[in-house]
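I have placed the structure first, in the form of structure tokens, so that the comments after it can refer back to it.
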Protein chains: 2
Amino acid sequence: MVKNRKSCEVPDATVHRLPLYLEKLKLLQAIGVEDVSSRQLAESLDIKASQLRHDFHYFGGFSRPGRPYQVEKLVPALEQIIGIAEPVPTAIIGAGHLGQALANYHNLDVQGFPVRGIFDTNPKLIGLEMRGQPVRDMDELETVIREEKIKIAILTVPSANAQAVADRLVEAGIIGIFNFAPTDLKVPEGVAVRNERLAVGIMSLSFKVKCILQSQEEDIAEV
Amino acid sequence: MVKNRKSCEVPDATVHRLPLYLEKLKLLQAIGVEDVSSRQLAESLDIKASQLRHDFHYFGGFSRPGRPYQVEKLVPALEQIIGIAEPVPTAIIGAGHLGQALANYHNLDVQGFPVRGIFDTNPKLIGLEMRGQPVRDMDELETVIREEKIKIAILTVPSANAQAVADRLVEAGIIGIFNFAPTDLKVPEGVAVRNERLAVGIMSLSFKVKCILQSQEEDIAEV
DNA sequence: GTAGAGTTGTCAAAACCATAACAGAATGCG
DNA sequence: CGCATTCTGTTATGGTTTTGACAACTCTAC
């Protein structure tokens, strides 16, 4: 199966678009659309059709020349590629506001990431129910991860604890960490980390806002 | 001031790194570091020094050849560039779990985005206090935005309402929208949108996890 | 004062990604 | 059937971003 190894040698940019394709396709599926051409799909996502076909090309053909894509086939194919053909048991570490928000984010389940464990150190939170899951003491972390075969953890603990918790997660067998703490985690080879920095997002937005305001001022000055 | 207009013609990739530079520099500042070389700073962020210098080069020199960067000068310079030299009044639309999480996210204030208005339609939420701010009825949206001169809005409402709310925001004078709804917002020229899709994040993580698992299986098979 | 180590700003090369172009295939219609 | 249209898969082109390389400059040590 050389193809498997090769199918992982894909640009990050392409990987980030796969979820968008899947999302849109599920929407089409829900309203009963059967066929969709690369152009239709691309336009609805505001990208070029050639880029979409190029992306798909990394994974081999999803259709044949002359025939549009079949939604019914494409959805499971993408799910397979993304790795959510089977539900991926997920844990949330840190039941603060952000952790709660994510635990209650219904879409997580729907999109293939059922939450099988919520953990915190705060005695006031331990025992509370969130979406049918009790908040557990961190003592149980390793046990639950192993029993539930959890592979992905969402980390919403304070920065100061993030690295220590990450170490425990890796030790317990976690392979993917979705990190919301503004800290660069050091993890061994064979563990994937994705940092989600709210601050980066809002600041790059601020940069654009500043540019807009400046150009408006200049436009006025020029009149 | 041609430089202003030019300073906005910067690759997105560079813009996204600016907040990281600033964050790290503030950390250094806090522990009393005065000088820092491009190599030191770059290594701590796990990027190449040449990239950092290249990024800075877009905005003109922050130092002179031979001399390292001075933290005390670099921090305000970056704040200026990002547009947070002055605090940027911000609103949160949607006081659900995610909205609450962000409202309580202390760093928002610290990093230059004081929350000056929290809005929701749910009568049960209206009136509640979050970080010293009452949750207001959406009726007050336009008034508060204008009075507080709010320019940036964080959108955490359900997908179905996102576009309608965005329209109101733009009408009221909002220039930047930080959108957490999985919807592509249509906004007029002169309004910046940044989409933050949690689903995309966790799915691209899942892709990498799947690749790791596959390569592990293959390694075992090869032995 | 001079050599050497270390630094930035700048430009050139390499790697990467997005777009365009096109061959080959299917479909629909007269 | 034959033609026009539409479509994918694939390759080539063009552009952007990252990385490497180096001149010019500063400081320290001796």
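Model, not experiment: these values are computed from the prediction. All chains are named by letter (A, B, ...) in the order of the sequence lines, taking the proteins before the strands, and each is independently numbered beginning at 1. Values below: all heavy atoms of this structure, side chains included; hydrogens, waters and symmetry mates excluded.
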When you check the phosphate oxygens OP1 and OP2 of [N], does a side-chain N or O of [X] lie under 4.0 Å from one of them?
X	N	result
A/Tyr69	D/dG9	yes
A/Ser38	D/dT8	yes
A/His57	D/dG9	no

B/Phe62 or A/Arg53, whichever maps to the more 5' nucleotide of DNA chain C: B/Phe62

Nearest-nucleotide comparison on DNA chain C, the residue closer to the 5′ end among A/Ile47 and A/Pro65: A/Ile47

Between [options], which nucleotide gets closest to the side-chain atoms of [X]?
X	options	answer
B/Arg67	D/dC27, C/dA26, C/dT8	D/dC27
B/His54	D/dT18, D/dG9, D/dC7	D/dT18
A/Ser37	D/dT8, D/dT19, C/dT19	D/dT8
A/Lys48	D/dG9, D/dT17, C/dA20	C/dA20

Rounded to the Å, how far apart are [X] [atom1] and [N] [atom2]?
X	N	atom1	atom2	value
B/Lys73	C/dT8	NZ	P	14 Å
A/Gln70	D/dC7	CD	C1'	13 Å
A/Arg39	D/dT6	CZ	P	8 Å
A/Phe59	D/dT10	CZ	P	14 Å
A/Tyr21	D/dT8	OH	C1'	15 Å
A/Arg64	D/dT6	CZ	C1'	15 Å
B/Asp55	D/dT16	CG	C1'	13 Å
A/Gln51	D/dG15	CD	P	16 Å

Atom CD of B/Glu148: over 12 foreign heavy atoms under 6.0 Å: yes

Neighbour count above 12 (heavy atom, 6.0 Å) for B/Gln216 CD: yes

Audit row: A/Asn104, A/Gln100, side-chain hydrogen bond (donor to acceptor under 3.5 Å, both in side chains) steps and yes/no: CA-CA 6 Å; A/Asn104 284 283; A/Gln100 287 181 38; 5.3 Å; no

Nearest heavy atoms of A/Leu185 and A/Ile177, plus distance in Å: CD1-CG2, 4.0 Å

A/Gly66 vs A/Ser50, nearer the 5' end of DNA chain D by closest nucleotide: A/Gly66

Whether A/Phe59 and A/Phe62 hold their rings parallel, tilted or perpendicular, with breakpoints at 30° and 60°: parallel

